[in-house]
S.K.: 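Starting off with a structure, shown below.
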Amino acid sequence: MANVLQTPIEYLKGVGPQRGETLRKELNIHTYNDLLHYYPFRYVDRSRIHTVSEINPYTQYIQLRGVITGYRTLGEKRQKRLVATFRDNTGEIELVWFKSYDWVMKTYKPNVTYIVFGKPNYFNGVYNIPHPEIEPATEIAESKAMGLQPVYSSTEKCRKKGLDTKGIAKLCRTLISQLSEKDIPEFLPDYILQAYRLCSRYQALQHVHFPPDEKAAHQARRRLKFEELFLLQLQGLLIKKSRQALVKGFVFKSIDNLFQSFYKTHLRFELTNAQKKVLKEIRRDTMSGRQMNRLLQGDVGSGKTIVALMSMLMAAENGYQSCLMSPTEILANQHYENISRMLAGMPVHVALLTGNVKGKARTNILQNLAEGKIHIIIGTHALLEESVKFHQLGMVVIDEQHRFGVAQRARLWEKSATPPHVLVMTATPIPRTLAMTVYADLDVSVIDELPPGRKPVITVHRTDAQRSQVFGFMRSEITKGRQVYVVYPLIEESEAMDLKDLMDGYESITRAFPAPQYQVSIVHGRMRPAVKDYEMQRFLRRETQIMVSTTVIEVGVDVPNASIMVIENAERFGLAQLHQLRGRVGRGADQSYCILMTGNKISEESKQRIQILCSTHDGFKIAEADLKLRGPGDLQGTRQSGTSQLRLADLVADTAALEAARYMAQKITDEDPDLVKPEHLPLRQYLQQNPEHITWSRIS
Ligand code: ADP
Ligand code: MG
């Protein structure tokens, strides 16, 4: 059955090949369906005619009926403008044009009644509307004026082709007038529509573009938001269910040897209850015969590495290889060193593979890996390369997940006929509802407890004016044998300037902390890896007391003796990132400090954000605050994970809809995962026809 909605956009009346090309390139609108789902981002209310006396400083847009009583031109050259006096029964305002004066005066005659629409400004004691929309107040114009008018986002190139908000609205009107209810069939079952009092899909899509009133607009959007959240979650849950049903996983039968001996004789501390709980969850997954896909969330310093290591030992004990993939070279090195040290004396062969391992060493590693002689391989993206072959890859751990895209993850899956168990670790605490939505296809474990004895990092805000005090404090801590991080932002877009900031900062620090008494390291992304590594090692070995760097040290690095984190231009970092950076200190027994430096003058919002960090250490609270301040679009890793499917729904604001949708999606997944009940057939059909919503092959 050909679906009219799949018709290429150029066939719509008023589009044609040229505009079709523009719509495709600029707005990603390829088909009728795409246009139908190109929703307005707001509406202007033209349903009512207001009076001049109603205008106040908060008026956004207003529609008036009245007459022009006269024209005059004011100003010279670039200030020149045409001003009309416009009057209704309640008062007068001005209409203003900065061009097309002759045309305006010829078209809009004095003493004819017009409907005027626009955004009033207040200037020199009177309200004026620049470049208003004007139509004769004939009956037709007035009836057309009824209703909310959609406002669409557009681009410069679109506007040049007549596709401004009005042009797009016209196309939408044409399209919708061609579609009947059978072209936009309902796919949500009746019982859902009734339970949440949702309007039909047909009505929702009509009214989202052309709502007769506010209430209709709200109803339409409510229905479409629910639908988005429902499909997103249903998709994730169905994938998870089918994976559990279809994809066999390796069974790690025994944990009596390697695992136990590590636990009893090599582990130098007691695991926290949270760590034990997560290890039990992993143990259960890896014995179940199904493939594990687990997201492990744990705040910085909560001890995820040990959980990863012990999971890899479960694999090794049962004859399987593991790989641990890190986002940076430094982090991979550090994991390699830590893990090698912890496993010293155990019959487990650990290797490191990064872009830096070359020549003979590399050939050796690749060969040993293919022969199964290496049990645990630790590395960076280099592990994804074609040439990396495993003998029997049973467990994949991905550290600091947000740096890896979904596609990259998939490439690791492919390195084994039976997919390995997957543990994705992240220190970016995602609020639970969000995690459940965005990662509906993963199981989520949380380490919600820090190892005992950690003192909260004392966090303060200081401005440039207090810099000498800050330096004084650094000196006194260094005298006690402590080490200091000084971090500068480095944003890609302004990289050159940021690097200069960093170098200037480094210089002023070497001046304030002169050799030979003090040694200062510097690390940034532009340095050669070998040099970077050398500097990092010097700091680790305590040969330098201060590490000046960009955010390359953000993730994972563990130097317990470092007790001060100074963050320059703190207002330029996201909250979650600041929290990550702060997590680099407070790892040893000493009291640690985080000093957030800003200029003397910063915005209220920046102040607020910094204040949040000074007042709490709870990563989840910080993530939630961050989410509220910045929106989920900025949340690392969420975009590529499916939230782009959300056009209307807002994961933060629409919590009620999110939960309702979650409940229904879960219920259907439990009760009718193949969607074969009659009431679910339309849903099944919709998902089949809209494959962007689901990889259907995995289900049927
Ligand atoms: P993250 O979760 O940020 O990756 P790490 O795994 O690097 O944290 O652990 C941070 C530090 O805490 C490490 O030095 C680690 O050895 C230590 N650690 C982890 N678990 C415990 C524990 N249960 N008791 C004491 N120290 C622990
Ligand atoms: Mg870590």
Side-chain angles (χ1 to χ4, degrees), residues 262-264 266-280 282 294-313 323-344 376 378-380 397-404 423-430 444-457 483 485 536 539-540 542 551-563 565 576-590 592 594 617-620 622-623 636-637:
F262 176 80
Y263 186 60
K264 296 213 173 104
H266 282 70
L267 191 58
R268 270 179 266 163
F269 44 72
E270 179 67 15
L271 292 178
T272 62
N273 286 330
Q275 286 169 322
K276 286 183 190 160
K277 179 192 71 192
V278 172
L279 276 168
K280 273 193 197 125
I282 293 168
R294 194 166 274 285
L295 176 73
L296 174 55
Q297 283 189 277
D299 215 341
V300 273
S302 62
K304 295 184 290 296
T305 315
I306 197 74
V307 171
L309 171 58
M310 293 180 74
S311 305
M312 296 194 289
L313 287 176
C323 87
L324 168 58
M325 192 155 83
S326 294
T328 65
E329 183 109 19
I330 291 176
L331 200 52
N333 278 323
Q334 193 167 41
H335 274 320
Y336 174 70
E337 274 164 28
N338 282 341
I339 287 176
S340 303
R341 196 179 59 232
M342 285 195 269
L343 292 178
I376 295 177
I378 297 170
T380 54
V397 181
I398 299 175
D399 195 12
E400 309 298 351
Q401 168 269 339
H402 58 262
R403 302 283 173 103
F404 287 111
L423 183 66
V424 175
M425 306 199 292
T426 177
T428 310
I430 304 169
V444 180
S445 289
V446 183
I447 304 187
D448 48 8
E449 178 186 6
L450 293 179
R454 295 269 169 87
K455 292 197 192 83
V457 179
Q483 289 165 287
Y485 290 108
M536 206 58 221
F539 189 65
L540 268 167
R542 301 198 191 185
T551 46
V552 289
I553 60 138
E554 176 190 342
V555 274
V557 181
D558 196 19
V559 184
N561 189 53
S563 67
M565 167 66 63
Q577 209 182 4
L578 288 173
H579 180 63
Q580 293 282 307
L581 285 168
R582 175 169 63 179
R584 298 302 111 219
V585 295
R587 307 193 139 223
D590 311 313
S592 295
C594 175
H617 288 86
D618 183 332
F620 284 88
I622 291 167
Q636 287 161 322

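Whatever order the structure lists ligands and atoms in, that order sets their numbers, starting from 1.
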S.K.: Any sub-3.5 Å donor-acceptor pair from R454's side-chain atoms to G301's backbone N or O?
M.R.: yes
S.K.: Any idea which heavy atoms bring Q334 and L540 closest together, and the distance?
M.R.: NE2-CD2, 4.0 Å
S.K.: Relative to the heavy atoms of L271, which atoms of ligand 1 are at a distance of less than 4.0 Å?
M.R.: 23 (N)
S.K.: Among side-chain atoms of D299 and H579, is any donor-acceptor pair under 3.5 angstrom?
M.R.: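 Looking only at side-chain atoms, H579 and D299 do form a donor-acceptor pair, the distance falling under 3.5 Å.
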S.K.: Work out whether the distance between some heavy atom of R454 and some atom of ligand 1 is less than 4.0 Å.
M.R.: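 Distance cut 4.0 Å: R454 passes for ligand 1.
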S.K.: Minimum heavy-atom separation for T380 to A332, with atom names?
M.R.: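 Closest approach of T380 to A332, heavy atoms only: CG2-CB, 4.0 Å.
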S.K.: With heavy atoms of T272 as the reference, note each atom of ligand 1 found under 4.0 Å away.
M.R.: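 Result: 23 (N).
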S.K.: Using a 3.5 Å distance criterion without hydrogens, assess whether the side chain of K277 forms a donor-acceptor pair with backbone atoms of V446.
M.R.: yes
S.K.: May I ask you to check if ligand 1 and P452 share an N or O to N or O distance below 3.5 Å?
M.R.: no
S.K.: Can you find an N or O of G303 that's nearer than 3.5 Å to an N or O of ligand 1?
M.R.: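 It does: an N or O of G303 is found under 3.5 Å from an N or O of ligand 1.
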S.K.: When you measure from the heavy atoms of G301 to every atom of ligand 1, does any distance fall below 4.0 Å?
M.R.: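 Checking ligand 1 against G301, which is what was asked, there is a heavy-atom contact under 4.0 Å.
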S.K.: Search all heavy atoms of V559 against all heavy atoms of Q483 and return the closest pair with its distance.
M.R.: CG1-OE1, 3.9 Å
S.K.: Strictly distance-based, threshold 3.5 Å: is any side-chain N or O of Q275 a donor or acceptor partner for the main-chain N or O of G303?
M.R.: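 Yes; judged by distance alone, with no hydrogens or angles, the pair exists.
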S.K.: Using a 4.0 Å cutoff against the non-hydrogen atoms of T305, which atoms of ligand 1 qualify?
M.R.: 4 (O), 5 (P), 6 (O), 7 (O)
S.K.: So for E270, does at least one of its heavy atoms come nearer than 4.0 angstrom to any atom of ligand 1?
M.R.: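 A heavy atom of E270 does come that close to ligand 1.
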S.K.: Below 4.0 angstrom from a heavy atom of S302, which ligand 1 atoms are there? Numbered from 1 as shown, please.
M.R.: 2 (O), 8 (O)
S.K.: Against heavy atoms of D299, which atoms of ligand 1 measure under 4.0 Å?
M.R.: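 By the 4.0 Å cutoff, the relevant atoms are 2 (O).
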